[in-house]
Amino acid sequence: SAGWNNIRMAMETALVMSHAMGRTLVLPPEKEIWELDEEDNSQKSVFGFNDFFHLDAISVEHKGFKVITMEEFLVREAMQGKMVE
């Protein structure tokens, strides 16, 4: 499992690349962060990128930046048969 800083840098790169290429950024599903799941079971340990990045504000500030969840992508594309060759 990658450390948080590596995950953050990869997300920033994906965000910039998707905007520069005019593509829609598809967010991965929420995931448990391994560093938070051992000590205190009462605190939240499952996070998505929206918990750390203000993607709605970014899309307002940067016209053309589009972002959707993995669930939205699957409903729009995969469930409609658009991913079949």
Side-chain angles (χ1 to χ4, degrees):
S1 179
W4 168 246
N5 199 47
N6 292 336
I7 296 168
R8 178 193 56 79
M9 290 187 320
M11 177 60 177
E12 289 172 356
T13 299
L15 190 148
V16 169
M17 296 285 290
S18 69
H19 185 256
M21 293 187 290
R23 307 297 297 200
T24 300
L25 178 66
V26 179
L27 297 175
E30 291 187 349
K31 184 172 174 18
E32 186 169 78
I33 295 184
W34 61 274
E35 295 164 329
L36 299 177
D37 65 355
E38 297 174 7
E39 298 291 324
D40 182 3
N41 290 335
S42 67
Q43 83 178 24
K44 181 178 175 177
S45 64
V46 176
F47 296 91
F49 283 103
N50 276 323
D51 291 312
F52 301 101
F53 294 92
H54 302 283
L55 297 172
D56 292 335
I58 292 170
S59 65
V60 168
E61 293 174 16
H62 301 281
K63 285 192 179 253
F65 175 68
K66 300 172 291 237
V67 62
I68 60 174
T69 64
M70 177 63 76
E71 292 79 13
E72 287 178 273
F73 173 78
L74 292 174
V75 167
R76 288 185 193 179
E77 302 297 325
M79 301 306 283
Q80 301 300 319
K82 296 179 183 177
M83 295 183 69
V84 177
E85 292 184 27

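All of these numbers come straight from a predicted model, not from anything done at the bench.
For Arg76, the side chain to side chain contact (heavy atoms under 4.5 Å, CB included) partners at least two apart in sequence or on another chain are Ile68, Glu72. Residues passing the side chain to side chain contact (heavy atoms under 4.5 Å, CB included) test with Ile58 are Leu15, Leu55, His62, Phe65, sequence neighbours excluded. When the salt bridge (Lys or Arg N to Asp or Glu O under 4.0 Å) test is applied to Glu30, no partner is found at least two apart in sequence or on another chain. Looking at residues two or more places apart in sequence or on another chain, you find a side chain to side chain contact (heavy atoms under 4.5 Å, CB included) between Met9 and Asn5, Asn6.
Hydrophobic cluster membership is shared by Leu74 and Val26, with clusters built from Ile, Leu, Val, Met, Phe, Trp and Tyr side chains linked at under 4.5 angstrom.
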Item to check | Full working for side chain to side chain contact (heavy atoms under 4.5 Å, CB included) between Val67 and His19 | outcome: CA-CA 10 Å; Val67 62; His19 185 256; over 6 Å; no
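Annotation: salt bridge (charged side-chain N to carboxylate O under 4.0 Å, His left out) contacts involving residues 4-28, sequence neighbours excluded, comprise Arg8-Glu12. Residue pairs that meet the salt bridge (charged side-chain N to carboxylate O under 4.0 Å, His left out) test with at least one member in residues 45-63, sequence neighbours left out, are Lys44-Asp51.
Shortest non-hydrogen contact noted between Pro29 and Glu71 is CB-OE2, 4.2 Å.
At a threshold of 4.5 Å between non-hydrogen side-chain atoms, the residues Leu25 and Met11 count as touching. Phe49 places a side-chain heavy atom less than 4.5 Å from the side chain of Ile7.
Within the hydrophobic cluster formed by Ile, Leu, Val, Met, Phe, Trp and Tyr side chains joined at under 4.5 Å, directly or through other members, Met17 is accompanied by Met21.
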